[in-house]
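Worksheet: the structure to be examined is printed underneath.
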Amino acid sequence: MPGKMTELEHYINQQRKEPDNYTPVFYRLQQEEQYADLLALLAANPHIRIYDQIHSQLKELMKIRNPTKRLTEEESEQKISEYVGTTSLHAFGVWVYYPWSHRVVHIVDEKDFIELRTSRNKQKITDEEIAMLSGKKIGIIGLSVGQSIALTLAMERTCGELRLTDFDKVELTNMNRIRTGIHSIQVHKVVIAAREIAELDPFIKVVIYTDGATEENLDDFFTKGGNLDILVEECDGIDIKILSRMKAKSLGIPVVMDTNDRGMVDVERFDLEPDRPLLHGFIPDIDLKSLQGLTDAEKLPIFRPMVALDDMSERMKYSLGQIGKTITTWPQLASSVVLGGAVVTDTCRRILLDQFKSSGRYYVDFEQIIV
């Protein structure tokens, strides 16, 4: 057995550390240079899997563009042929390479892709609203709860750019509410989210900060490439919770927070109320430097009014009293986190479309609704 273990260790050591790449690579084959680049990639990496279902996408595109008629197979093929024209089917659209999963996928290009991807949002979200949302930028601080929010925002295509910040890497204990595979242990949470978004919609711009939100990078996070339209704040650090709101208020950016207990969502409309007190006036008068490095148990007295701890569920209140005794940190359930993804996405969409204009705290409490 020792010899076999040594042999296994040899194979383990042969594995290179996985790079934190999360950006897909596009190849448009109507450009000869990119055609050659894709062929070179495939020749050098024969293990890459190729997924070419472009015909299925074009068939669906013709279907949604002719909603009043059930196209026959012949009519569908005729419309596809007319749409593609003289372009080879292999050269139509774009090929997308995902280096972390060793896949190349052939899809229709951006305009057609968005039309297909959002076709079943209509008319709950109109074409005009879809176009408007495509120009919006949303930043998320904290990816334990924020991952579900980021993925729901991307699935609904509530924005065209997401900025994600979290310094933490996934542990097995995080996987009670973070959607990923066990192969992702010790991969940055922001990288996992960015990859899943890219595999869902490679045309959504994703910017990540693996150092988390810091006093040094908040300006960049909020303003580089254009100001955020909404901040979604889901971090545990009290200093960043306060600093990010100070920055959002100075820039007139609304802040949305989900507490993943009793479905509570907190909204601060600094865009409409520039003089509004941070967190509705619940932030204590305290030196921010003194908040750095506190344990979860030490944070509780300061967190209490900020996140409405006294109004939390009875089980959550009990759990908070057990930190440092029977548990190491506050619990988070997948059902609550996924609910937060839905509620925050709906709230952000309505803010961006000027359909919701209030500040306050709102509850979607299943124990009160379903009794």
Side-chain angles (χ1 to χ4, degrees), residues 17-24 98 100-101 138-156 158-159 162-202 204 206-213 221 230-237 240-241 244 256-266 296 299 303 307 312-313 315-316 319-320 323 327-348 364 366:
K17 186 179 184 302
E18 182 182 357
D20 279 344
N21 51 21
Y22 65 95
T23 305
Y98 296 99
W100 55 89
S101 61
I138 297 178
I140 303 177
I141 299 178
L143 265 290
S144 283
V145 174
Q147 188 214 37
S148 180
I149 296 169
L151 294 178
T152 309
L153 286 166
M155 275 191 281
E156 199 166 281
T158 304
C159 60
L162 281 162
R163 299 175 194 167
L164 312 177
T165 173
D166 196 314
F167 63 86
D168 212 1
K169 296 180 178 180
V170 164
E171 297 288 0
L172 193 54
T173 50
N174 299 134
M175 292 173 62
N176 72 320
R177 79 273 186 194
I178 291 181
R179 193 179 88 177
T180 191
I182 52 177
H183 60 278
S184 296
I185 293 173
Q186 281 297 295
V187 177
H188 280 284
K189 292 176 181 177
V190 287
V191 170
I192 291 169
R195 288 173 175 176
E196 189 157 0
I197 291 166
E199 291 175 355
L200 170 71
D201 189 329
I204 292 177
V206 182
V207 181
I208 69 170
Y209 297 78
T210 56
D211 292 332
F221 175 74
I230 294 179
L231 168 67
V232 177
E233 186 278 299
E234 300 294 341
C235 71
D236 294 337
I240 296 301
K241 195 173 283 289
S244 63
V256 179
M257 174 181 71
D258 165 61
T259 60
N260 61 89
D261 183 74
R262 295 188 59 210
M264 196 270 266
V265 173
D266 185 282
D296 286 346
K299 292 176 186 176
F303 258 142
V307 295
M312 287 188 167
S313 64
R315 291 207 176 196
M316 188 62 155
S319 297
L320 295 175
I323 294 175
I327 55 178
T328 59
T329 186
W330 39 72
Q332 296 172 322
L333 295 180
S335 53
S336 298
V337 171
V338 171
L339 173 64
V343 177
V344 170
T345 295
D346 186 86
T347 302
C348 288
V364 185
F366 286 160

First locate atom [atom1] of [X], then atom [atom2] of [Y], and finally report the distance between them rounded to the nearest 0.5 Å.
X: Lys189; Y: Phe167; atom1: NZ; atom2: CZ; answer: 7.5 Å
X: Asn260; Y: Met316; atom1: CG; atom2: CE; answer: 6.0 Å
X: Thr165; Y: Ile240; atom1: OG1; atom2: CD1; answer: 8.5 Å
X: Leu153; Y: Ile204; atom1: CG; atom2: CD1; answer: 9.0 Å

[Y] side chain reached by [X] side chain, heavy atoms, under 4.5 Å:
X: Ile141; Y: Phe221; result: yes
X: Ile138; Y: Val232; result: yes
X: Val190; Y: Tyr209; result: no
X: Glu234; Y: Ser144; result: no

If every non-hydrogen atom of [X] is compared with every non-hydrogen atom of [Y], which pair is closest and at what distance?
X: Ala198; Y: Trp100; result: CB-CH2, 4.0 Å
X: Val256; Y: Cys348; result: CG2-SG, 4.3 Å
X: Met175; Y: Thr180; result: CE-O, 3.5 Å
X: Ile208; Y: Tyr22; result: CD1-CE2, 3.3 Å
X: Arg195; Y: Pro19; result: NH2-O, 3.0 Å
X: Ser244; Y: Glu233; result: OG-CG, 3.8 Å

task = Please determine which of Ile149, Asp166, Ile230, Leu231 meets the side-chain contact (heavy atoms from CB on, under 4.5 Å) test together with Ile140.
result =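 By the side-chain contact (heavy atoms from CB on, under 4.5 Å) criterion, Ile140 pairs with just one of Ile149, Asp166, Ile230, Leu231: Ile149.
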query = Testing Asp20, Ile197, Leu143, Val187 for side-chain contact (heavy atoms from CB on, under 4.5 Å) with Ile192, which one passes?
reply =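 The option that passes is Val187.
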query = With Gln186, which residues qualify under side-chain contact (heavy atoms from CB on, under 4.5 Å), at least two apart?
reply =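 Partners of Gln186 by the side-chain contact (heavy atoms from CB on, under 4.5 Å) criterion, ordered by chain and then number, come out as Lys169, Glu171.
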Can you give the donor-acceptor pairs under 3.5 Å from side chains of residues 333-341 to other protein atoms, not counting sequence neighbours?
none

request  = Look only at the side chain of Thr158 and the backbone of Thr345, and say whether a donor-acceptor pair between them is shorter than 3.5 Å.
outcome  =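 No, because the side chain of Thr158 does not come within donor-acceptor range (under 3.5 Å) of the backbone of Thr345.
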